[in-house]
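Just below is one structure, and these are the notes that go with it.
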Amino acid sequence: MANSKRQLFLKRRLRVRNKLSKMNSGRVRLSVHRSNKNISAQLIDDSQGRTLASASSLEKDLGVVGKNNVDAASKVGSKLAERAKLAGVETCYFDRGGFLFHGGIKALADAAREGGLKF
């Protein structure tokens with residue numbers, strides 16, 4: 001019996017998160033969420049259960065409200081890197097969730113790297 005797209009996505013998300021958490025314990029996690037209309041990312045300290053910095057295409061000062069394209073993703077990534085510096089975060093690990101590392105997810109990661117985050 002074939003799995004639905006949602007079931008495959010959830011399996012992929014758990015597989016990625018479990019592999020990353022085993023290898024990168026003690027580091028901050030850069031978690032990415034993409035919907036059909038928006039993209040958002042946040043830096044999460046799993047040991048304390050706190051969000052240290054976040055950025056989303058829903059923010060009006062980025063000028064990409066309601067867009068989920070490569071340009072919006074790169075603006076979100078650069079804004080997140082800027083806020084990470086203010087929070088004192090330099091290194092993290094990239095949790096792409098169940099999303100493929102392609103298009104907007106890749107653009108967000110590249111912009112965050114250019115902004116100074118190391119992962």
Side-chain angles (χ1 to χ4, degrees):
M1 184 167 169
N3 289 326
S4 69
K5 279 182 145 183
R6 181 71 179 157
Q7 287 174 331
L8 292 172
F9 174 81
L10 293 174
K11 278 175 53 175
R12 191 167 51 238
R13 181 175 70 182
L14 286 176
R15 183 176 62 236
V16 167
R17 182 161 307 159
N18 286 334
K19 282 183 182 180
L20 287 174
S21 63
K22 287 176 188 174
M23 293 177 2
N24 297 302
S25 62
R27 289 171 66 183
V28 176
R29 174 169 53 106
L30 193 161
S31 178
V32 177
H33 182 264
R34 180 179 61 84
S35 70
N36 287 336
K37 293 186 178 181
N38 295 295
I39 189 163
S40 61
Q42 52 186 341
L43 288 167
I44 303 168
D45 186 0
D46 288 322
S47 62
Q48 297 178 355
R50 288 183 46 220
T51 298
L52 304 174
S54 65
S56 172
S57 62
L58 288 170
E59 298 172 9
K60 293 186 181 189
D61 60 337
L62 291 179
V64 291
V65 174
K67 293 184 180 176
N68 181 11
N69 52 23
V70 173
D71 182 44
S74 62
K75 287 184 180 180
V76 169
S78 60
K79 189 66 156 179
L80 182 71
E82 179 183 316
R83 291 179 181 166
K85 281 184 183 177
L86 294 175
V89 176
E90 293 180 4
T91 61
C92 63
Y93 68 93
F94 190 72
D95 179 13
R96 61 182 174 86
F99 304 107
L100 299 177
F101 192 78
H102 182 265
I105 303 294
K106 184 174 189 281
L108 189 142
D110 291 340
R113 283 187 183 120
E114 288 175 9
L117 276 176
K118 294 181 180 120
F119 52 91

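FYI, the numbering just counts along the sequence from 1.
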Taking the side chain as C-beta and beyond, is there a heavy-atom pair between Lys19 and Arg15 under 4.5 Å?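 Side-chain contact under 4.5 Å: yes.
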
Using the side chain to side chain donor-acceptor pair (under 3.5 Å) criterion, which residues pair with [X]? Sequence neighbours excluded.
X: Arg34; value: none
X: Asp71; value: none
X: Ser47; value: Asp45

With rounding to the nearest 0.5 Å, note down the distance linking [atom1] in [X] to [atom2] in [Y].
X: Leu108; Y: Ser57; atom1: CG; atom2: OG; value: 10.0 Å
X: Lys67; Y: Asn38; atom1: NZ; atom2: CG; value: 11.5 Å
X: Leu8; Y: Ser4; atom1: CG; atom2: OG; value: 6.5 Å
X: Leu52; Y: Leu30; atom1: CG; atom2: CG; value: 10.5 Å
X: His33; Y: Ser56; atom1: NE2; atom2: OG; value: 10.5 Å

Could you list the donor-acceptor pairs under 3.5 angstrom formed by side chains in residues 92-107, with sequence neighbours left out?
unit_1	atom_1	unit_2	atom_2	d
Asp95	OD1	Gly97	N	3.1
Asp95	OD2	Arg17	NE	3.0
Asp95	OD2	Arg17	NH2	3.2
Asp95	OD2	Arg29	NH1	3.2
Arg96	NH1	Phe99	O	2.6

Going hydrophobic residue to hydrophobic residue with side-chain gaps under 4.5 angstrom, can you get from [X] over to [Y]?
X: Leu20; Y: Phe9; value: no
X: Leu62; Y: Leu43; value: yes
X: Leu14; Y: Ile44; value: no

Do you know which two heavy atoms are closest between [X] and [Y], and how far apart they sit?
X: Ala112; Y: Phe119; value: CB-CE2, 4.1 Å
X: Asn18; Y: Ser21; value: O-OG, 3.1 Å
X: Thr91; Y: Val28; value: O-CB, 4.2 Å

Any donor-acceptor N/O pair, Ser31 side chain to Gln42 backbone, under 3.5 Å: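 No, the answer is negative, given that no donor and acceptor are paired below the 3.5 Å cut-off.
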
Pairwise ring-ring contact (aromatic ring centres under 6.0 Å, His included) hits with a residue in residues 44-75, at least two apart: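 Of all non-adjacent pairs touching residues 44-75, none passes ring-ring contact (aromatic ring centres under 6.0 Å, His included).
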
Report all side-chain donor-acceptor pairs from residues 76-87 shorter than 3.5 Å, counting only partners two or more places apart or in another chain.
unit_1	atom_1	unit_2	atom_2	d
Ser78	OG	Ser74	O	3.3
Ser78	OG	Lys75	O	3.0
Arg83	NH1	Ser54	O	2.6
Arg83	NH1	Glu59	OE1	3.4
Arg83	NH1	Glu59	OE2	2.9
Arg83	NH2	Glu59	OE1	3.0
Lys85	NZ	Gly115	O	3.3

